[in-house]
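Structure first, commentary second.
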Amino acid sequence: SELFSYTEEPELSHNRRCFEEDFHTQVPNRRWLELARAQQKAYVMRLLDGLEVVNRDKRLRVARAILYLAQGVFGDCDNEGDVLHWSRHNSFLLYQLGTFSAFLELLNMEIENSQACSSALRKPAISLADSTELRVLLSVMYLLVENIRVEQETDPPEWKSCRETFRMELSFPVHTEEPFALLLFTMVTKFCSGHAPHFPMKKVLLLLWKVLLFTLGGFEELQAMKVRRREELGLPPLPEDSIQVVRGMRAASPPTYTIELVEQQQQQQQQQKQRSHRSRRPLMKQDSLDIYNERDPFKNDEGGVDEEENDDVDSGMEGELDLMERDTIIPVMPAQRLPIDRVSFPKGLPWAPKVRQKDIEHFLEASRNKFIGFTLGQDTETLIGLPRPIHESVKTLKQHKYVSISDVQIKNEEELEKCPMSLGEEEVQETPCEVLYRAMLYNLPQYMIALLKILLAAAPTSKAKTDSINILADVLPEEMPITVLQSMKLGIDVNRHKEIIVKSISALLLLLLKHFKLNHIYQFEYVSQHLVFANCIPLILKFFNQNIMSYITAKNSISVLDYPHCTVCDLPELTAESLEAGDNNQFCWRNLFSCINLLRILNKLTKWKHSRTMMLVVFKSAPILKRALKVKQAMMQLYVLKLLKIQTKYLGRQWRKSNMKTMSAIYQKVRHRMNDDWAYGN
Amino acid sequence: MSHALKQVFNKDKTFRPKRKFEPGTQRFELHKKAQASLNAGLDLKVAVQLPPGEEQNDWVAVHVVDFFNRINLIYGTISDYCTEQSCPVMSGGPKYEYRWQDEHKYRRPTALSAPQYMNLLMDWIEVQINNEDIFPTNVGTPFPKNFLPVVKKILSRLFRVFVHVYIHHFDRITQMGSEAHVNTCYKHFYYFVKEFNLIDTKELEPLVSVWVGSGT
């Protein structure tokens, strides 16, 4: 349902009319649902032929009819389940008859349509009307991709093969064409450059995200690929399945400044002291960057904020998958119900400690320096002359050594460079990811810049006036609202529109980063670099520099207007009160998802990079991140805590002293790295 | 120079035992709770001994920094509850009160609230620790001749943190369930200072009863 804005609602019936007018001339007195498969096929073929006319309006009508089919012929359905069922059924049918290729051609035509571009550029205010054709085309393509992508147990085998065919079609270009995703990327940059302000970005981004999910694979698929790859490289298996671990984690209570909060007494933190190995290293000093003594500026507001918010928010968050929100069935979200009154703590820490090869080398070097006086480079075997406790330390470190796929890839690269002649060309597997990267490489910086530009414009704290791009072009109606009710409805629609854009961009960026990293670490580094150059780090921090609680609990949806509910049920009278009341959800899953994605991206960009970590410090991210801890959702907290952990040693003793609750949470939830001095400083 | 130092280290003025010892319920409670400790299988009494081949100053220095860090974190866990109102004086029970003196603003021993005292204390220690002349970071650089007296002052002041936490904020520690942790840290600290005679017995008095009969 996120595909359609509320302002598009009138078009739904328009689509229906287009279909029915044509359908009833061909097959009078019958319903689509009653037709036999062969007849359905025949009809669709006829429709597809109808696309090849010169007349633009006629083409549009046919396209609308096809969209109606893809939407699920809701006119003939009684309930939402039916609509979804037929939407799925029809999507497979349409695909099998070549609809996607036909629409791809049309899309290309529309993109090249310079007339539309120039007329759009001339207009002072762009609205929905300017992107009509594009929106129909993209909606059809989206429905096809999404319906076919999602696997259901009841699928007939021919649908399974259909899925594979489609996936191949999208991933691997035929002849010299580029993968489909690239076309969408190009649309994004074109939009951002100002040449095509009428492009409906929300749909483009949603489609791009789903195409990437489809062709590359989602998070669970990624995890499986990672496990396989480790096996192939002969690496020991992963210490734990991170998706499972995070699912089992419980949220911690946020850092509180006032003493009396009911949760506090109930959440007793048992500090489990892990044996830390005291290695005799030369004296390490603390960095006294005590610049974080100041109290949180939001602190005084906290009392008021707590009063306003419902207890619902505090009593735990459950990710409820709304039937209608098919778009939101993404693997990864853990459903957490936190019983506030009965918090039990796991016996051990959730993550096994890890040590890098580098860490072992450094440790030995420091010890050798101290006890022997000279160093042996990267040797990690020679322990002569070192006292026995050091031997034991090294043994323990080695027990927890973790070699990542990236380490192997880097080593590989080094060796290839050293002996280019004897080792020759590297054999690279042609995976969808590799193909995509190759195609994206040339304009990659532009793609990243464009995505971030749109993300910035869609962020809740940005002011529309200063933007050079107008991301609301595809949600604003031609005529501005007159009544108060209409304004409210539009307001909600606009906010929803922005939220969906943020969600798409955050999700697709994270997906790309993860896939590129697995494919080859240097591809990941290249993309990260361009993101950082495009100011991704301050952008994400700026995003979090808002009232996070209100963002997470935002109710920018009018559930009765959501598709397909609005088509099969009678619409109640919308009043200002009902709009304000919103829906029954405790929080906005969509926004929570976006927040977690952005945090994960930030983590990926800054991990192990000193200069980028210092950016976090310099941008004073600590108070911003701490506020984000108020959201009692374990996964979100985990990624916030990770970001805080890498900074703690630079934040100074005072900060650490005043933020013991946060320090404890980090200890409990974030994986330990042995010999990591995070808690004590430089 | 040494005269000024003597000022700073003038114990008679900053440490004031008020009255004769009065056994009270509080001491008994504390003593009971001191039984809780982390049994990590490590004999702390042995662990603090100077290992063969190790230089004593080095050994001491590493421990001082480590204790400083840890005690800082321990205080941090209850620092929200240690306020001007709750602890207007830096005390260790009705019998003991500590006053702050340094070479800057507080030339005369001054009675301060506990949070103020703590902040000054930690800052002061940090300055010492970060001073390369006292705590050299390079492996080759020797320690100053007055290293041990400086360390003694640091440790006896750090000890006062324990006193205050135990006497005034231990209920909070218990509420958090971290008494074993604090106890073990204190045990470690205690054995260490005893091993190298770094704190006078008199200074250790406020917490003596905590260990009486505990079999440690």
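What's counted below: heavy atoms across the whole structure, side chains too, no hydrogens, waters or symmetry copies.
Evaluated for a side chain to side chain donor-acceptor pair (under 3.5 Å) with A:Lys657, the options B:Asn72, B:Asn119, B:Thr77 yield exactly one hit, B:Asn119.
In this structure, CD on A:Gln654 lies 8.5 Å from CD on B:Glu126, to the nearest 0.5 angstrom. If you take CG on B:Asn69 and CZ on A:Arg656, they are separated by 6.5 Å, rounding to the nearest 0.5 Å. Between atom CZ of residue A:Arg653 and atom CE of residue B:Met122 there is a gap of 6.5 Å, rounded to the nearest 0.5 Å.
A 6.0 Å sphere centred on NZ of A:Lys358 holds no more than 12 heavy atoms belonging to other residues, nucleotides or ligands.
Contact record, A:Ser658 with B:Ser79: CA-OG, 4.5 Å, taken as the closest heavy-atom pair.
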